[in-house]
Amino acid sequence: MTQSVVVQVGQCGNQVGCRFWDLALREHAHVNKKGLYDEALGSFFRNVDSRNDGGLSKATKICAGFILAYLNPQAVLVDMEEGVVNEILQGPLREVFDSTQLLTDVSGSGNNWAVGYLTYGSAYREQIVDKLRKAAEHCDCLQCFFLIHSMGGGTGSGLGTRVLSLLEEEFPEVCRIVSSIYPSTEDDVVTSPYNSVLAMRELTEHADCVLPVENQSLVDIVNKIRQMSHGGRPGSAIKRDSAVISGQGGLSGAEKPFDAMNNIVANLLLNITSSARFDGSLNMDLNEIAMNLVPFPRLHYLVPSLTPLYTLADVSVPTRRLDQMFSDAFSKDHQLIRADPRRSLYLACALMVRGNVQVSDVRRNIERLKPSLPFVSWNQEGWKTGLCSVPPVGHAHSLLALANNTCVKLTFMELRERFTKLYRKKAHLHHYLHVDGMEQSFFSEAVGSLSSLIEEYHHLDATKGRLVPDAPRLSIAS
């Protein structure tokens, strides 16, 4: 049995992580009716019941009727402000975490990548490494680190990417999958373009896979669900039990700001980890994602799309037919970044299906959709599929698509443009240069790395529609 460790960094990372653990507990409680600690739980939770000598037989109850104190998530929580972590410790999840998993400060990073990466990264390096090692030691077979962070703030972008480089340094053989929340153009952090571009260089150099999610795309999706679930009436209230739209999970009570958006990212993580947590006829290991979807090491940004965009059946949205679900996964309305992958070039694509879906259903839909999806000429069969038999709570099936697609360059180009507007005027630069160890060359190197990445995507896009003829067959001399 393999295990994974979730590393949550910064305010956004910890809020999304909190929603993931909450919804994961509810999902396991829905499947695990007897409340026994089993292999499914063991992929992300430790059994800390002192009555149980590591076996799987004793009753260890969780969530709805389960004993939370007997479970401990395989997680490390890092934030340079205490607010969000304190909320977690005072909330319904307080019993599952212990102090050895937490690392906080009081002053924050002031929306400054350099403070997060250099100041706090240096000051807390040993403590971070120690907590990561302890989390790894609790795993029998550590398969993957999940890093959750945002790109716009100081702690998420700076300390988040410093943690990423430490993961590569300390655990070079363990897969590193990063969920990065990108700021919208209307972001209230003026320096977010600086932070994002500086963080992008680290993501490109040190991550195995990055799942980019745009704040604006999350806002658009939440607004769309609100309209759908109330017959197209914008601004209507949402049913409280909708896991994507409300704060309702396994444990949470009152809805909090950004819960709707955070739940979408949490559901992305629930789907990508479903094969690790539950059985299926065609399970996909987490390390297979990078192996099959990343043909070039720097081009490891995988555009995620989810369908359905809600997770409980009591939301009054018509149930999607199975074929429609596959079509939706490739439409621009279901992408977690603002892009239309059908207008760009696919390098590879993974379909992670949950529920009672047959391999023949997946193959039939791939064959149906292939003519409309432009793939690179040298990887026309670049599909990876995973089937997990356990569907999301309240639904018959769901689909997560991860596309290595050149459409992601549009997000990067927009980010570079916002960076350039500030950098051309040297606006706010002094805040960064006052930090010990920070030099102006960091900025030029970071934007150079981003431009090089964009150019690589441009080069691939230029091959779109250009068919490579088959190599001539060898003729045998008679």
Side-chain angles (χ1 to χ4, degrees), residues 144-147 149 151 160-161 164-165 167-168 172 174-182 196-214 217 268 272 284 286-305 329-330 332 335-352 373-384 400-417 419 445-466 468:
C144 180
F145 283 104
F146 281 96
L147 175 65
H149 75 129
M151 301 287 281
T161 52
L164 177 63
S165 66
L167 288 173
E168 183 181 42
V174 181
C175 182
R176 299 172 298 281
I177 298 178
V178 186
S179 294
S180 301
I181 317 299
Y182 283 72
S196 300
V197 170
L198 288 163
M200 275 287 297
R201 183 189 181 195
E202 302 300 313
L203 292 179
T204 302
E205 296 298 325
H206 302 298
D208 289 311
C209 291
V210 179
L211 311 177
V213 177
E214 283 187 326
S217 185
L268 161 64
I272 201 172
M284 185 191 302
L286 293 169
N287 54 14
E288 290 183 59
I289 295 173
M291 179 63 69
N292 288 273
L293 298 187
V294 183
F296 307 110
R298 285 167 54 87
L299 306 186
H300 54 236
Y301 294 86
L302 309 179
V303 180
S305 64
F330 296 94
K332 64 179 181 180
Q335 309 302 315
L336 299 192
I337 67 169
R338 289 173 300 153
D340 187 353
R342 294 171 302 183
R343 296 181 179 274
S344 298
L345 193 64
Y346 283 88
L347 307 186
C349 185
L351 300 177
M352 306 178 79
L373 303 175
F375 267 70
V376 287
S377 59
W378 40 265
N379 199 24
Q380 291 288 311
E381 301 300 321
W383 296 86
K384 178 67 179 173
L400 166 66
L402 298 176
N404 194 336
N405 189 290
T406 58
C407 69
V408 75
K409 75 176 182 183
L410 299 175
T411 297
F412 299 159
M413 290 168 67
E414 184 180 86
L415 183 59
R416 182 178 62 179
E417 183 181 347
F419 172 94
E445 289 169 5
V447 75
S449 172
L450 181 57
S451 294
S452 173
L453 187 67
I454 292 169
E455 193 56 40
E456 289 178 60
Y457 283 114
H458 273 317
H459 178 73
L460 283 166
D461 254 344
T463 67
K464 184 180 175 183
R466 189 190 305 164
V468 177

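We count residues from 1, following the sequence as given. If you're wondering where the values come from, they're calculated on a predicted model, not measured in any experiment.
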### Message
As a quick check of understanding, evaluate side-chain contact (heavy atoms from CB on, under 4.5 Å) for L164 and R176, giving each step before the final call.
### Response
CA-CA 8 Å; L164 177 63; R176 299 172 298 281; 4.0 Å; yes
### Query
Hey, is the main chain of V210 close enough, under 3.5 Å, to the side chain of S180 for a donor-acceptor pair?
no
### Message
Counting C-beta onward and ignoring hydrogens, is there a side-chain heavy-atom pair between P295 and N379 closer than 4.5 Å?
### Response
no
### Task
Take L415 and M151 through the test side-chain contact (heavy atoms from CB on, under 4.5 Å) and record every step on the way to the result.
CA-CA 11 Å; L415 183 59; M151 301 287 281; 5.6 Å; no
### Query
How many angstroms lie between atom CG of L167 and atom SG of C175, to the nearest 0.5 angstrom?
11.0 Å
### Message
Show, in sequence, the C-alpha distance, side-chain angles and deciding distance for H149 and I181, and conclude whether the side-chain contact (heavy atoms from CB on, under 4.5 Å) test is met.
### Response
CA-CA 6 Å; H149 75 129; I181 317 299; over 6 Å; no
### Query
Are more than 12 heavy atoms from other residues, nucleotides or ligands located less than 6.0 Å from atom CZ of R298?
yes
### Nearest heavy-atom neighbours spanning A401 and A329
CB-CB, 4.2 Å
### Message
Would you say that more than 12 heavy atoms from the other residues, nucleotides or ligands in this model lie under 6.0 Å from the NZ of K332, or not?
### Response
no
### Task
Answer whether the closest heavy-atom distance between the side chains of T161 and R201 falls below 4.5 Å.
no
### Task
Rounded to the nearest 0.5 Å, what's the gap from OG on S305 to CG on L268? Could you check?
9.5 Å
### Message
Return the CE to CE distance between M284 and M352, rounded to the nearest 0.5 Å.
### Response
4.5 Å
### Query
Below 4.5 Å, heavy atoms only, C-beta onward: do P212 and T411 meet side chain to side chain?
no
### Message
Side chains of V303 and C407, heavy atoms from C-beta outward: is any pair under 4.5 Å?
### Response
yes
### Message
Donor-acceptor check, side chain of N404 to backbone of L293, threshold 3.5 angstrom: yes or no?
### Response
yes
### Query
Counting N and O atoms only, with roles assigned by atom type, does the side chain of Q380 sit under 3.5 Å from a partner on the main chain of F375, one being a donor and the other an acceptor?
yes
### Summary
Taken to the nearest 0.5 Å, the spacing of L147 CG from I177 CD1 works out to 11.0 Å
### Message
Tell me if a side-chain donor or acceptor on N292 pairs with a main-chain N or O of K384 at a distance below 3.5 Å.
### Response
no
### Task
Answer whether the closest heavy-atom distance between the side chains of Y301 and T204 falls below 4.5 Å.
yes
### Query
In terms of ring plane angle, is the pair Y182 and F412 parallel, tilted or perpendicular, where the classes change at 30° and 60°?
tilted
### Query
Measuring from E205:CD to E168:CD, what's the distance to the nearest 0.5 Å?
9.0 Å
### Message
So does R343 get a backbone contact from the side chain of K464, meaning a donor-acceptor N/O pair under 3.5 Å?
### Response
yes
### Query
Which heavy atom of F330 sits nearest a heavy atom of D340, and at what distance?
O-OD1, 4.4 Å
### Query
Quick one: are L453 and L299 in side-chain contact, heavy atoms under 4.5 Å?
yes
### Task
Supply the atom-to-atom distance I454 CD1 to H459 NE2, rounded to the nearest 0.5 angstrom.
16.0 Å
### Query
Any side-chain heavy atom of V294 sitting closer than 4.5 Å to one from D208?
no
### Message
For a 4.5 angstrom cut-off between non-hydrogen side-chain atoms, does S451 reach R416?
### Response
yes
### Query
Checking T463 side chain against L460 main chain: does a donor-acceptor pair fall under 3.5 Å?
yes
### A207 versus V178, closest heavy-atom pair with distance
CB-CG2, 3.9 Å
